[in-house]
There are 2 protein chains.
Amino acid sequence: MKWGVQMEKHEIFSIPLPAIRRFPAYLRLLKEYQANGETWISATKLADDLQLKPIQVRKDMAYTGVEGKPKVGFLIEELILAIRRHLGWDNTSDAVLLGVGNLGSALVGYKGFENYGLRIVAVLDADPEKVGNRIAGVQVLPLERLEETIRRLKINIAILTVPAEAAQYTANRLANAGIRGIWNFAPKDLRVPDHVIVQRTDLATGLAELSSKIKLKIFDENR
Amino acid sequence: MKWGVQMEKHEIFSIPLPAIRRFPAYLRLLKEYQANGETWISATKLADDLQLKPIQVRKDMAYTGVEGKPKVGFLIEELILAIRRHLGWDNTSDAVLLGVGNLGSALVGYKGFENYGLRIVAVLDADPEKVGNRIAGVQVLPLERLEETIRRLKINIAILTVPAEAAQYTANRLANAGIRGIWNFAPKDLRVPDHVIVQRTDLATGLAELSSKIKLKIFDENR
DNA sequence: TAGATTGTTAATCGATTAACAATC
DNA sequence: TAGATTGTTAATCGATTAACAATC
């Protein structure tokens with residue numbers, strides 16, 4: 001097989017999901033090195049700082065498509081750009097957030113999203129009491145304006161922080177309005193058409209891992 | 001190998017992490033069935049509702065140790081109890097939360113934790129301006145009282161929602177105070193002694209998955 | 001009974017890890 | 001140069017999936 005000039009090998013095969021999930025941690029650390037004035041970094045050092053095995057980091061770096069120099073390592077700048085590009089974080093995406101409860105408000109106020117190429121440009125809620133309020137400088141719009149807002153602002157991503165009961169209904173409207181991805185924080189599995197991608201982020205998942213590990217550890221100690 | 005009377009096979013081999021991560025979703029759905037007055041459920045139906053393959057659900061149910069009846073399925077009540085027990089959610093654990101920023105406040109106010117066997121009984125912050133405030137009925141204590149609070153209330157779990165810069169320092173104090181598990185929301189990898197388990201829940205991870213999938217999809221469409 | 005569903009053993013798949021040659 | 005580090009190919013490991021017998 002021959003590769004065209006503008007198409008690199010790593011662009012064609014999709015990167016394994018576990019590697020994608022490690023990318024943000026790499027990115028964060030790489031920026032830290034850069035802030036400290038460093039230019040080059042070795043997979044060995046990265047692995048050490050992230051408590052991963054060097055071989056795994058090397059594989060992950062290979063997925064980015066960046067080539068390293070033996071004995072020296074990788075150019076930090078190159079890695080940052082490549083990872084950002086693979087995650088689609090090189091261009092900022094505009095997002096709409098639905099449901100300004102506790103979690104929703106926290107997310108609107110969260111500064112970290114800038115680093116992840118995400119900007120919350122609109123906030124909607126079904127509760128008339130909340131409509132008109134300003135949260136972190138963004139005015140809350142009524143849910144009725146969902147379709148209009150998405151189309152007008154050409155929004156691709158929705159952050160769903162409505163109650164579980166309202167999640168499917170809201171997702172349907174989002175799908176119809178042409179949204180591409182839904183980041184779902186509601187504890188509810190959504191059914192959506194093929195053209196929409198749903199990513200569930202569930203507090204319970206992390207807690208389940210933690211508590212089962214603690215339980216297992218206590219069990220082991222008492223054996 | 002012979003199994004003792006009080007020790008079941010599934011108690012000895014630890015359940016794979018991916019299965020543990022699916023447990024909360026099963027639990028949620030099982031409670032829903034129960035609320036609808038149902039008593040029995042088949043792996044087939046569960047799989048259908050969660051968009052998983054029936055064979056995977058059957059494997060997961062096997063991990064719980066609950067036996068099903070061919071043609072009928074599993075007793076919902078039994079599955080709920082077994083999953084809760086495996087996650088250590090059968091007894092409520094008390095937790096301390098550190099750092100009442102946007103996310104911290106949202107977590108303190110989050111009602112869902114009751115279902116996960118977690119109760120936030122103390123909230124601490126380093127900022128004197130925040131100390132004394134009440135959040136969802138809990139009074140914010142100064143960070144100085146960390147050790148005393150953990151010991152007095154016999155707290156095993158800490159929820160860490162401090163800024164990244166303060167995360168390692170706070171984790172050190174938590175470890176010294178004898179905490180068993182740290183649920184870390186700060187975008188920072190922590191080093192802790194062996195007796196402490198850290199679970200990182202990172203907003204960036206979920207967003208990375210979503211945005212890379214969207215990017216891949218858009219790429220595929222334009223091919 | 002017939003047939004849907006469970007439960008177990010084996011096959012497959014995909015990610016991690018190991019081994020080692022290439023290289024600056 | 002010597003040796004640390006990269007990059008590739010192969011081995012291993014663990015989870016998912018398939019196949020099918022058991023069973024109510």
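Letters go in sequence order (proteins before strands), and every chain restarts at 1.
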Treating primed atoms plus P, OP1 and OP2 as sugar-phosphate and everything else as base, which nucleotides of nucleotides 14-24 of chain D get B, S or - for protein heavy atoms under 4.0 Å? -SSBBB---BB
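Whole-Å rounding puts the B/Ile41 CD1 to C/dT5 C1' distance at 13 Å. In this structure, B/Glu78 atom CD and C/dT6 atom P are separated by 14 Å, rounded to whole Å. Rounded to whole angstrom, the span from the CG atom of B/Asp48 across to the P atom of C/dA4 amounts to 15 Å. Here the C1' atom of nucleotide C/dA4 and the NZ atom of B/Lys45 are 16 Å apart, to the nearest Å.
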As a check on the pairing definition, encode DNA chain D in dot-bracket form, counting Watson-Crick and G-U wobble pairs whose two distances are under 3.5 Å, and using | for partners outside this strand. ..||||||||||||||||||||||
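No option in B/Leu50, B/Asp60, B/Leu17 other than B/Asp60 meets the side chain to side chain contact (heavy atoms under 4.5 Å, CB included) test with B/Arg22.
A distance of 12.5 Å separates CG in B/Leu160 from CH2 in B/Trp183, rounded to the nearest 0.5 Å. Rounded to the nearest 0.5 angstrom, A/Leu174 CG and A/Ile157 CD1 are separated by 12.0 Å. With rounding to the nearest 0.5 Å, the separation of CD1 in A/Ile20 from CG in B/Leu216 is 8.0 Å. Atom-to-atom distance recorded for A/Tyr110:OH and B/Leu103:CG is 8.0 Å, nearest 0.5 angstrom.
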Show me the side-chain donor-acceptor pairs of residues 112-121 of chain B shorter than 3.5 Å, one per line, residues at least two apart or across chains.
residue, atom, partner, partner atom, Å
B/Arg119, NE, B/Asp94, OD1, 3.2
B/Arg119, NH2, B/Asp94, OD1, 3.1

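Side chains of B/Glu32 and B/Asn36: a donor-acceptor N/O pair is absent below 3.5 angstrom, by distance only.
Salt-bridge check for B/Arg180 with A/Glu221: passed, with a basic side-chain N closer than 4.0 Å to an acidic carboxylate O.
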